[in-house]
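The block underneath contains the structure these notes are about, expressed in structure tokens.
Computed from a predicted model, the values in this text were never measured in an experiment. FYI, side chains are in, hydrogens and waters are out, and symmetry mates aren't considered; it's all heavy atoms of this structure.
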Amino acid sequence: MANPHGDFIWYELMTSDAPAAEAFYAGLMGWSFRPAGPDGGTAYRVFAKNGPEAGGMMQITEDMRAGGARPLWAGYIGVDDVDETVAQLAGEGGTILMGPMDIEGVGRMALVTDPLGAPFYVMRGISGETSQAFAQDAPREGHCVWNELHATDPDRALSFYGACFGWEVADRMDMGPMGSYDMLRNPPNQTMLGAVMRAAGDGPPPIWHFYFRVPDIDAARRYVTAHGGSAREEPQEIPGGEFALNATDPQGAAFSLVGPRTGGSG
């Protein structure tokens, strides 16, 4: 894996109905899906839009559901050494949900949460190529462009992720009663990763939100609501003139979108 320690390298949808989710996101994002393995099985599928792979999708099994799994978007953070990072995460107050394990042909990984309960993966891939799932170099439709943590204690979260991954606060924006919006970068390559903000008191538990780029935010919102998903508000303008939207897919996984308002009928 060519990405430096602390970069986001992959995104994964865990869903209760993989065929339905594939149809929903294919229409919304323009993703094409293919089996991850050479045998053509459907247990894990990867998706892309006219370029590098953007992430993967897996069906929640009965065993996973019995263990508390629910539809969810999860991010993978690349690390130099999975076992060392997991030990450090635990020492900093994180929880290990699934200890380090090897995935043949893919790499070594573990599923953890931060001290506030937000889940994510850590991974060391065997590929020598740079992951482009996170569009850090240039805007790419269908790819994640921003990673946003909603935390009940932002200061605790910043301390945890800084200690484990070396992330730094690049800038802050005052959000009034909601506190500070702290924008993060990964120092080795100065990658702007996303931000940490205070979770709403009546909102979901601490969670990472991933923003995927679409060509038209209003057309995307109409698609979501017309195909069984829900939009939690109207698109909100963000710095730079684009618009962001928080939504939920038909199976209940929360996701976010970002894109321009083109004025088309979509």
Measuring only between side-chain heavy atoms, which start at C-beta, is [X] closer than 4.5 Å to [Y]?
X: Met197; Y: Glu148; value: yes
X: Trp167; Y: Asp182; value: no
X: Glu12; Y: Met57; value: no

[X] side chain vs [Y] backbone, donor-acceptor pair below 3.5 Å:
X: Asn186; Y: Gln190; value: no
X: Gln251; Y: Asp249; value: no
X: His143; Y: Pro52; value: yes
X: Thr61; Y: Met64; value: yes
X: Ser131; Y: Ile9; value: yes
X: Asn147; Y: Leu193; value: yes

- By ring-ring contact (aromatic ring centres under 6.0 Å, His included), which residues pair with Phe24, not counting sequence neighbours?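 If we apply the ring-ring contact (aromatic ring centres under 6.0 Å, His included) test to Phe24, skipping adjacent residues, the hits are Tyr223.
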
All N/O donor-acceptor pairs, side-chain side in residues 154-165, below 3.5 Å, sequence neighbours left out:
{"residue": "Arg156", "atom": "NH2", "partner": "Glu92", "partner atom": "O", "Å": "2.6"}
{"residue": "Tyr161", "atom": "OH", "partner": "Asp114", "partner atom": "OD2", "Å": "2.8"}
{"residue": "Tyr161", "atom": "OH", "partner": "Trp208", "partner atom": "NE1", "Å": "3.1"}

Check for me, please, whether [X] and [Y] land in the same ILVMFWY cluster - side-chain distances under 4.5 Å, paths through other members count.
X: Val214; Y: Tyr211; answer: no
X: Phe210; Y: Met183; answer: no
X: Val196; Y: Val145; answer: no
X: Val112; Y: Tyr11; answer: yes
X: Ile217; Y: Leu28; answer: yes

- Just say parallel, tilted or perpendicular for the rings of Trp31 and Phe47, cut-offs at 30° and 60°.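 Trp31 vs Phe47 ring planes: parallel.
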
- Query: Above 12 or not: heavy atoms from other molecules or residues under 6.0 Å from CD of Glu233?
  - Reply: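 More than 12 within 6.0 Å, yes.
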
- Query: Under the salt bridge (Lys or Arg N to Asp or Glu O under 4.0 Å) criterion, do Glu53 and Arg34 qualify, and how do the steps go?
  - Reply: CA-CA 10 Å; Glu53 292 172 347; Arg34 68 167 181 81; 2.3 Å; yes

- Might you work through the salt bridge (Lys or Arg N to Asp or Glu O under 4.0 Å) test for Asp83 and Arg108, ending with a clear yes or no? CA-CA 9 Å; Asp83 295 77; Arg108 190 163 178 80; 2.7 Å; yes

- Apply side-chain hydrogen bond (donor to acceptor under 3.5 Å, both in side chains) to Arg185 and Thr191, showing your working. CA-CA 5 Å; Arg185 68 181 168 209; Thr191 300; over 6 Å; no

- Query: Just checking, any donor-acceptor pair under 3.5 angstrom between side chains of Thr262 and Asp216?
  - Reply: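 The answer is yes; a qualifying pair exists.
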
- Query: Do we see a donor-acceptor contact under 3.5 Å between the side chains of Gln59 and Tyr44?
  - Reply: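 Short answer, no.
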
- Message: For a side-chain hydrogen bond (donor to acceptor under 3.5 Å, both in side chains) check, start with the C-alpha distance between Ser256 and Asn246, then their side-chain angles and the critical distance, and finish with the verdict.
- Response: CA-CA 4 Å; Ser256 299; Asn246 294 314; 2.7 Å; yes

- Query: Between Tyr25 and Phe33, does the ring centre distance come in under 6.0 Å?
  - Reply: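 No, the ring centres sit 6.0 Å or more apart.
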
- Flag the pair Glu237 and Arg261 as a salt bridge only when some basic side-chain nitrogen lies within less than 4.0 angstrom of an acidic carboxylate oxygen.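 Arg261 and Glu237: not salt-bridged.
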
